[in-house]
Amino acid sequence: MKLKTFTGIFRKFKYSALWLIVTVVVFSIAVWWQNLSVIFNVIKSPHIPLISKISIPLSFLGSISTNFTLEAEIYVILISILFGLSVAITVYYLDRRFREIKNHGITLGLIGIIASLFSLGCAACGPLLITTLLSLVGASSILAFLPLKGQEFGIIGVILLVLSIYLTVKQIEDPTVCRLKRK
Amino acid sequence: MENKNNSTSFQVIAILLTAVIIIATVYFASRRHRPQQTTENYPSLVATKAAPNSTPAQPKSLAVNIAKVKITGEPFIGNPQAPVTVAFWFDYQCPFCKRFEENTMSSIVSNYVKSGEVKVVFKDFAFLGPDSQAAALVSKAVWEAAPSKFYLWHQAMYNKQDRENSGWGSQADILALTKTIPGININKVEQLLATKSSQYRQEIAADKAEGSAFGINGTPSLIIGRQLVIGAQPYSAIKQLIDLQLKK
């Protein structure tokens, strides 16, 4: 069921494109991280030809094979892909929620979204804020082990991102409108 | 009800995990950005405190510019009048320096140093412990005893690299290796080590302090023109930065 929901989301071009873009951006930032100043200097320099402004940053991406251990390479690639997935699924979820606002009335829809964000008294919606935070923490672990230390955070990052994706898909399958319990 | 309990437990676990990761990340990040402290763990190997004014004080931070790098007296390969100078900070125990040596530096030497377009200046950043300090010390003596064999010796050192501060890598090991390289007078190297170790230690410490002033906190690192390149970057990236300098 969850796999069906998951594949259904990525059959839509908009979300597949978002996944790809976020993955490429996160991967590039992670690989460039130590040399972002060189990349920026090259891009903004008026003396460097346009072709070099493109080819130099691209050539620095090659450091994935020279400046990372095998474990770090795997984590950087996995975390980039998983963070892209997590962002695309979260955007899909929010898109659907905003459509609910139009269909079910502003007040109920907004309360549902806010409640799902903070997960206060709304067990059905699940903690979107927490799952989003999880994915961000998972993705930030990509920086923790650069260049040499703390590779153990890579596996935690991967686990958190997978958890985040699973929980967001679960939220998508759950009732789309929350009814808050009155005490 | 059960669903709600699961949700609350999950939030508690997630928050705890988040806190642990943030604390650990900050800890590792701060440790990584203070390589100077590594040598403080080996006080006997660090430069003995110089007499006042005997070692030039390094400014707190320097704008990255090859023109500001101290070149005089440093080991180098290539044409002394080459149009482009590359300053290279390294540690003989650093595995990424070995990788850089094999994948990138060898191509720079073949394509730019031999043609006289680039001069590579070797700057010590010996921060990985006793074996790093021992290697840096012998490197200074080898440069003084046989400058034309320095790069051959440098490559031989990377070929022998093993795990940090274990197995091969003591001064005796390095001297034994040095003996095998034709053209290096081992007696002169040993004599220089006996008489000039204190001066060499100061030079090693000064190289590292200079690198730190430019913002270098690990190896390998290079300065090409006004760019500080950190890490074992591929030849294609370094080549383009050198080409930009050659066009100036």
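Every chain is numbered from 1 and lettered A, B, ... according to where its sequence line falls, protein lines coming before strand lines.
- If you measure heavy-atom distances from A:Ser55 to chain B, the contacts under 4.5 Å come from both the backbone and the side chain.
- Using a 4.5 Å cut-off between non-hydrogen atoms, the part of residues 98-115 of chain B that approaches chain A consists of B:Arg99, B:Asn103.
- When all heavy atoms of B:Phe96 and A:Phe68 are compared, the closest pair comes out as CE2-N, 3.7 Å.
- Here the straight-line distance linking atom CD1 of B:Ile230 with atom OG of A:Ser37 works out to 6.5 Å at 0.5 Å rounding.
- Of all non-hydrogen atoms in A:Ser63 and B:Ala232, the two that sit nearest each other are CB-O, 4.3 Å.
- The environment of B:Lys70 atom NZ is dense: over 12 non-hydrogen atoms of other residues, nucleotides or ligands sit within 6.0 angstrom.
- A:Leu70 CG: more than 12 foreign heavy atoms inside a 6.0 Å radius.
- Heavy-atom distances place no part of B:Ile238 under 4.5 Å from chain A, backbone and side chain included.
- With a threshold of 4.5 angstrom between heavy atoms, B:Leu244 approaches chain A through side-chain atoms but not through N, CA, C or O.
- In this structure the side chain of B:Tyr235 never reaches within 4.5 angstrom of the side chain of A:Thr66, judged on heavy atoms.
- Side chain of A:Asn67 to backbone of B:Gln233: no donor-acceptor contact under 3.5 angstrom is found.
- Minimum heavy-atom separation, A:Val38 to B:Leu228: CG2-O, 3.1 Å.
- Listed by first and then second residue, the side chain to side chain donor-acceptor pair (under 3.5 Å) pairs involving residues 41-51 of chain A are A:Asn41-B:Gln227 (not counting sequence neighbours).
- What you find for A:Gly62 and B:Pro234 is that their closest heavy atoms are C-CG, 3.8 Å.
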